[in-house]
Peer 1: 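One structure follows; several queries about it will come next.
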Amino acid sequence: MKKLNVLIVDDELPLRQELRMFPWEDCDAVLIGEASNGEEALRICEEACVPDVVITDITMPIMDGIALIRELKKRYPIVQIVLLTCHSEFQYAQEALRLGALEYILKAAIDDDELKQAMDKVRLAIRRERKSLDSEKAEKRQLQEALFGKLLHQQQLNNSDWNAFELDGKSSYQLIRFIVDVPDSLYLAIKHRVQCLFTELEASHSDRLTWLSVRKQEYFVIFIVQDWDKEPVINTIEDVINRLNAMIRGAEKRHEYTHAVQAVISEPFATGDGLVHSIAGTTAWIEALFYDSLEGNKVHSGLPVPLNPITDTHVKEISEMLRKSAWSADSLLACLRTEFFNWCVIQRIRPEQLKQRILGWLVEWLKLQGDAELINPIITNLMAVQNLSQMMDSLITAIVKIESEKSHSRFEIRSALQWIRDNLKQPISLPIIAEQVGLSPQYVSRLLREETGVSVTQYITQLRMEKAVELLKQTNMKIYEIAEEVGIPSYRYFTVMFRNWTGVPPTDYKRNT
């Protein structure tokens with residue numbers, strides 16, 4: 001636990017001087033200030049630092065100790081209070097203890113041991129109350145997240161449900177929606193630190209801010225704004241974004257994740273209806289950020305520029321652009337990086353419709369290149385992108401990869417490898433493979449070895465054993481059934497090959513998986 005921050009409040013200067021000389025460091029504490037009355041003490045709490053413990057006299061001018069205790073417990077409930085009192089003030093001390101003071105010390109009998117014992121008692125009380133408050137906050141946050149999830153799905157809340165959000169109809173609130181646009185694996189690596197950051201932010205604005213995590217990689221902050229002023233709110237949001245981006249850079253040093261965090265801020269609202277409207281307003285930005293996150297802005301407000309449904313004219317323009325440039329890989333890549341990219345920015349087609357159209361074109365292009373087996377992984381990557389730049393990078397990466405592979409292997413050899421993978425269950429020999437691709441067996445044998453690094457027989461055996469391992473792990477098929485499935489109908493021969501490959505018989509392998 002950190003050092004205790006101590007504030008002394010007493011109108012008698014000699015007593016303050018005596019307490020000032022106390023060895024606070026021996027109690028793992030530090031004196032952060034002193035005041036001569038309750039009003040001055042509250043001002044220190046508001047303007048400088050909220051202490052962990054206030055050591056206060058009872059009888060003081062302007063604001064006495066009883067009034068100070070009431071205000072402290074109302075504004076800062078976790079602050080602990082130790083009273084300094086005289087025998088004649090004992091009835092006031094009882095009242096102060098009833099109001100929430102932790103301990104009292106007689107002025108005439110102050111000694112170091114008594115103060116140290118009081119500090120130990122303070123530390124235990126703070127731990128206990130923080131644990132209780134953390135549990136209460138967790139339950140409250142869980143309830144708010146469940147209700148907020150209903151609002152996100154445009155469901156109605158009961159009147160009693162709205163009480164969980166504590167909207168008083170008088171204060172001015174804002175909804176801030178943070179979007180962390182990184183792959184799942186990277187997000188999981190930083191998730192705990194992200195939530196710690198929002199918890200830290202909430203703790204520093206305990207009376208003004210609540211954060212909720214309702215959707216994966218999105219965080220919602222409800223912020224109480226006094227005397228609406230946009231600039232300090234924007235500054236706070238940008239600071240959070242910068243810290244989140246720093247976390248991402250620390251976990252994954254890749255250029256495309258340098259500015260992965262965006263925030264959308266609603267207009268001020270005061271009621272439940274206003275919150276519903278703010279949720280709808282920030283949701284409108286989610287699709288729009290596919291384009292608008294490219295402009296370098298990190299914080300967005302108001303309404304986005306509308307998106308357009310794809311039309312027949314759009315489809316023709318896309319097809320024509322890509323057809324004209326598809327005569328060479330370099331021409332196609334140049335088109336994607338400039339002409340097509342700029343066209344997308346101007347047209348602002350709904351992202352999912354644009355992706356579907358590009359996928360249609362890409363499937364046809366891959367078939368022409370003889371790379372139909374790459375369709376599924378490329379589709380998966382393309383559908384997962386969150387903005388236009390990522391979409392172009394995904395397309396360009398796929399095209400570059402395909403062109404690179406084409407430069408290292410002939411189409412016939414790629415076809416031969418695919419045919420082997422598709423026909424493992426059938427008898428396979430070098431002459432059969434050669435016949436499938438229209439080359440001589442000797443030529444196929446040499447090219448396949450160059451491509452795979454092993455002989456044709458070794459490559460076929462490798463695929464069959466890998467397939468057998470997969471079936472043993474994922475199915476309840478019998479050993480002889482697996483042997484037939486991978487093209488080795490002899491149970492005995494399959495067992496020998498499997499033992500040579502894995503070091504154990506297939507029955508033992510299945511038993512241990």
Side-chain angles (χ1 to χ4, degrees), residues 359 362-384 397-399 401-513:
L359 279 175
L362 187 60
V363 167
E364 294 303 317
W365 185 83
L366 285 170
K367 288 179 179 177
L368 290 175
Q369 308 307 307
D371 287 287
E373 71 273 11
L374 297 176
I375 290 175
N376 286 337
I378 291 176
I379 287 176
T380 301
N381 291 337
L382 192 60
M383 295 306 291
T397 299
I399 292 169
K401 181 176 185 297
I402 290 165
E403 289 300 313
S404 174
E405 289 178 352
K406 283 170 64 176
S407 66
H408 291 88
S409 65
R410 289 182 50 163
F411 169 73
E412 292 89 347
I413 299 306
R414 296 201 306 278
S415 297
L417 294 174
Q418 185 61 47
W419 187 87
I420 294 171
R421 288 192 290 269
D422 292 341
N423 292 274
L424 283 178
K425 191 174 181 178
Q426 310 302 323
I428 301 176
S429 65
L430 183 57
I432 293 175
I433 299 170
E435 183 180 351
Q436 292 296 321
V437 297
L439 298 174
S440 71
Q442 295 80 8
Y443 193 37
V444 169
S445 176
R446 180 169 65 81
L447 292 179
L448 281 176
R449 179 179 287 277
E450 290 175 357
E451 182 72 17
T452 64
V454 295
S455 70
V456 173
T457 301
Q458 288 172 324
Y459 181 71
I460 295 170
T461 299
Q462 174 184 328
L463 291 181
R464 283 174 165 162
M465 293 301 100
E466 288 174 352
K467 180 67 174 178
V469 166
E470 179 184 340
L471 293 173
L472 285 167
K473 286 181 177 179
Q474 299 180 3
T475 73
N476 293 319
M477 295 173 66
K478 300 186 183 326
I479 303 301
Y480 73 86
E481 292 175 330
I482 292 175
E484 291 179 356
E485 187 66 24
V486 300
I488 309 175
S490 169
Y491 175 87
R492 186 181 300 278
Y493 184 48
F494 171 75
T495 301
V496 171
M497 289 184 66
F498 192 89
R499 183 191 290 114
N500 291 339
W501 182 262
T502 64
V504 295
T507 49
D508 291 350
Y509 189 91
K510 186 174 183 64
R511 190 181 304 117
N512 295 324
T513 56

Peer 1: Determine whether Ile428 and Arg464 make a side-chain contact, defined as any pair of heavy atoms from C-beta on separated by less than 4.5 Å.
Peer 2: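 The answer is yes; the side chains approach within 4.5 Å.
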
Peer 1: With a cut-off of 6.0 Å (strictly less than), are more than 12 heavy atoms of other residues, nucleotides or ligands near CG of Asp422?
Peer 2: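 Counting other residues, nucleotides and ligands, CG of Asp422 exceeds 12 neighbours.
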
Peer 1: Taking the side chain as every heavy atom from C-beta outward, state whether Leu471 and Val486 have any atom pair closer than 4.5 Å.
Peer 2: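 They are in side-chain contact.
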
Peer 1: Return the CG to CG distance between Leu448 and Leu430, rounded to the nearest 0.5 Å.
Peer 2: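 Here the rounded value is 7.5 Å.
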
Peer 1: Counting only heavy atoms not in Glu470 (residues, nucleotides, ligands), do more than 12 fall under 6.0 Å from its CD?
Peer 2: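 Enclosed.
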
Peer 1: Do Asn500 and Thr461 make a side-chain contact, defined as non-hydrogen atoms from C-beta onward lying under 4.5 Å apart?
Peer 2: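 A side-chain contact is absent here, since even the closest heavy-atom pair is not under 4.5 Å.
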
Peer 1: Taking the side chain as everything from C-beta on, heavy atoms only, tell me whether Tyr509 gets closer than 4.5 Å to Lys473.
Peer 2: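 Answer yes - side chains close enough.
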
Peer 1: Could you go step by step and tell me if Gln462 and Trp501 meet the side-chain contact (heavy atoms from CB on, under 4.5 Å) rule?
Peer 2: CA-CA 8 Å; Gln462 174 184 328; Trp501 182 262; 3.7 Å; yes

Peer 1: CG of Leu359 to CG of Leu382: how many Å apart, nearest 0.5 Å?
Peer 2: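 Rounded to the nearest 0.5 Å, the CG-CG separation comes to 4.5 Å.
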
Peer 1: Atom CZ in Arg421, atom CD in Glu466: separation rounded to 0.5 Å?
Peer 2: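 Rounded to the nearest 0.5 Å, the CZ-CD separation comes out at 11.0 Å.
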
Peer 1: Could you check if a side-chain atom of Trp419 sits within less than 4.5 angstrom of a side-chain atom of Val437, using non-hydrogen atoms only?
Peer 2: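 A side-chain contact is absent here, since even the closest heavy-atom pair is not under 4.5 Å.
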
Peer 1: Give, for atom CZ of Arg446 and atom CD of Gln442, the distance between the pair rounded to the nearest 0.5 Å.
Peer 2: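 Answer for the CZ-CD pair, Arg446 versus Gln442, is 11.0 Å.
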
Peer 1: For a 4.5 angstrom cut-off between non-hydrogen side-chain atoms, does Ile479 reach Leu472?
Peer 2: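 The answer is yes; the side chains approach within 4.5 Å.
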
